[in-house]
Novice: 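Please find one structure pasted underneath; my questions will follow.
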Amino acid sequence: MNFKAEQLEKIAYIETVLGEYLPQKEGLQKIIMEAMEYSVMAGGKRIRPTLMWETYKMYGGTGEEIHCFMAAMEMIHTYSLVHDDLPAMDNDDYRRGRKTTHIVYGEDIGILAGDALLNYAFETAMKAFDIAPQQSLQIGKALQVLAGKSGIYGMIGGQVVDVKVSGTQNHKDNNKEVLDFIFRLKTGALIEASMMIGAILAGATQEEIEEIEQVGANIGMAFQIQDDILDITSTTEVLGKPVHSDEKNEKITYVTLHGLEQSRLDVEKISGEAISLLKKQEKNSEFLECLIEALIYREK
Ligand code: GRG
């Protein structure tokens with residue numbers, strides 16, 4: 001398999017889907033549609049919709065309803081980045097190689113663009129009911145996962161602990177547990193949800209859905225450790241966002257706790273476990289395995 005070429009083809013396809021599902025730029029509120037498009041179409045690796053789509057196909061899914069959820073997931077992911085970049089949070093000026101949304105449109109529209117993306121994500125996912133009414137039960141289940149994993153028991157919960165708890169003294173004795181909690185929720189939850197939704201919409205069994213949740217958890221953990229590594233070892237040009245942001249925000253990271261060498265070994269080990277779990281499913285998961293492998297050595 002020519003993995004790189006296939007990946008680029010898939011990204012191009014996902015971007016067409018995103019373009020189709022973004023709202024028309026019209027009406028008195030047109031600026032919000034422009035800001036939504038600006039942030040969503042700024043590039044990005046499109047890891048989450050790729051994982052969703054590949055998992056869907058792995059479990060035999062062939063329908064169109066998956067597209068609504070792929071677009072919805074990327075909208076939720078993008079809203080989290082837009083809000084994370086705001087002055088009240090990380091206060092970053094660059095993301096995905098260009099000025100952040102609040103720098104271009106102002107802080108008020110930056111906040112509203114994040115809100116709009118989150119809401120529009122659900123409006124978009126619910127279009128699946130019109131596309132595949134016979135799948136209503138699975139679509140309902142997929143919506144439950146999308147809402148739950150992005151909420152207070154998922155990504156938002158992880159972000160809360162990251163901004164409010166992780167740097168405080170009361171946690172200095174159990175930094176590793178707190179960091180693990182943040183990674184599982186802030187980064188892992190959306191990756192788990194992406195794969196679970198792919199499985200649910202394709203009609204996978206409950207056991208298969210739980211197994212794929214664990215695969216997603218491993219990918220998420222490895223992905224965030226690699227993110228911490230790249231924040232130290234990469235450059236702003238390559239990442240398209242500022243490096244050393246963890247140091248700037250005085251964050252405890254996987255690398256500060258475990259060291260660079262151990263962090264690299266752990267990315268390999270945790271990703272290897274994800275690949276083994278996938279292989280156990282005895283389905284065609286070749287592309288997913290290559291993707292997990294590629295993420296170990298990703299440079300951005
Ligand atoms: C504001 C509710 C709220 C949540 C923010 C996702 C997040 C939580 C913050 C962004 C900062 C960060 C390092 C998050 C961890 C997840 C992560 C590594 C996001 C970046 O994802 P990529 O690398 O981004 O997939 P692209 O740009 O490629 O889509």
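One-based numbering along the sequence shown. Heavy-atom basis, side chains included; hydrogens, waters and symmetry copies ignored. Counting starts at 1 for both ligands and their atoms, following the listed order.
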Novice: For atom 11 (C) of ligand 1, grab the closest protein heavy atom and report residue, atom and distance to one decimal in Å.
Specialist: Asp84 OD2, 3.2 Å

Novice: With the threshold set at under 4.0 angstrom, would you say Lys300 reaches ligand 1 through any of its heavy atoms?
Specialist: no

Novice: Do the side-chain N and O atoms of Tyr13 and His67 include a donor-acceptor pair separated by under 3.5 angstrom?
Specialist: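 Side chains of Tyr13 and His67: pair found under 3.5 Å.
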
Novice: When you check the side-chain N and O atoms of Gln262 and Tyr254, is any donor under 3.5 Å from an acceptor?
Specialist: no

Novice: Looking at Thr187, which atoms of ligand 1 are within less than 4.0 Å of one of its heavy atoms?
Specialist: 15 (C), 16 (C)

Novice: Looking at Asp180 and Lys176, is there a salt bridge between them, counting it only when a charged N and a carboxylate O are closer than 4.0 Å?
Specialist: no

Novice: Provide, to 0.1 Å, the distance between atom 3 (C) of ligand 1 and the closest protein heavy atom, together with that atom's residue and name.
Specialist: Gln159 CG, 3.8 Å

Novice: Which ligand 1 atoms, with their elements, are less than 4.0 angstrom from a heavy-atom of His83?
Specialist: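 Heavy-atom distances to His83 below 4.0 Å select 1 (C).
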
Novice: Which residue and atom name correspond to the protein heavy atom nearest atom 22 (P) of ligand 1, and how close is it?
Specialist: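 Of the protein heavy atoms, Lys45 NZ, 3.5 Å lies nearest.
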
Novice: Less than 4.0 angstrom from a charged side-chain N to a carboxylate O is my criterion; do Lys269 and Glu273 meet it?
Specialist: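 So Lys269 pairs with Glu273 through a salt bridge.
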
Novice: Quiz question: by atom type and distance under 3.5 Å, do the side chains of Gln7 and Lys4 form a donor-acceptor pair?
Specialist: yes

Novice: Given Pro49, Ala42, Gly158, Ser80, which one has a non-hydrogen atom that is nearest to atom 6 (C) of ligand 1?
Specialist: Ser80

Novice: Is it true that Glu74 and Tyr79 share a donor-acceptor pair across their side chains at a distance under 3.5 Å?
Specialist: no

Novice: Could you check atom 2 (C) of ligand 1 against the protein and tell me its nearest heavy-atom contact, residue, atom and distance included?
Specialist: Tyr79 OH, 3.4 Å

Novice: At less than 4.0 angstrom from any non-hydrogen atom of Asp227, what atoms of ligand 1 do you find?
Specialist: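 This gives 13 (C), 18 (C) as the contact atoms.
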
Novice: Side chains of Gln206 and Glu210: do they bring a donor and an acceptor to under 3.5 Å?
Specialist: yes

Novice: Which bit of Leu81 gets closer than 4.0 Å to ligand 1, counting heavy atoms only: side chain, backbone, both or neither?
Specialist: side chain

Novice: Could you tell me which atoms of ligand 1, counted from 1 in the order shown, lie closer than 4.0 angstrom to a heavy atom of Arg96?
Specialist: 26 (P), 27 (O), 29 (O)

Novice: Check this for me, if you would: do Asp84 and Lys241 make a salt bridge, where the nitrogen-to-carboxylate-oxygen distance has to be below 4.0 angstrom?
Specialist: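 Lys241 and Asp84: not salt-bridged.
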
Novice: Considering only the protein, which heavy-atom contact is closest to atom 25 (O) of ligand 1, and what is its distance?
Specialist: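 Among all protein heavy atoms, the one nearest atom 25 (O) of ligand 1 is Arg48 NH1, 2.8 Å.
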
Novice: Need the ligand 1 atom indices (1-based, order shown) with element for anything under 4.0 Å from a heavy-atom of Gln224.
Specialist: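 The atoms of ligand 1 under 4.0 Å from a heavy atom of Gln224 are 15 (C), 16 (C), 18 (C).
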
Novice: For Asp85 and Arg96: C-alpha separation, side-chain torsions, deciding distance, then whether salt bridge (Lys or Arg N to Asp or Glu O under 4.0 Å) applies.
Specialist: CA-CA 11 Å; Asp85 291 333; Arg96 291 173 160 174; over 6 Å; no

Novice: Determine whether any heavy atom of His77 lies closer than 4.0 Å to an atom of ligand 1.
Specialist: yes

Novice: To the nearest 0.1 Å, how far is atom 14 (C) of ligand 1 from its closest protein heavy atom, and which atom is that?
Specialist: Lys186 CE, 3.6 Å

Novice: Within the 4.0 Å heavy-atom shell around Ile156, which atoms of ligand 1 are there?
Specialist: 2 (C)

Novice: Between Gln281 and Glu211, do the side chains contain a donor N or O and an acceptor N or O under 3.5 Å apart?
Specialist: yes

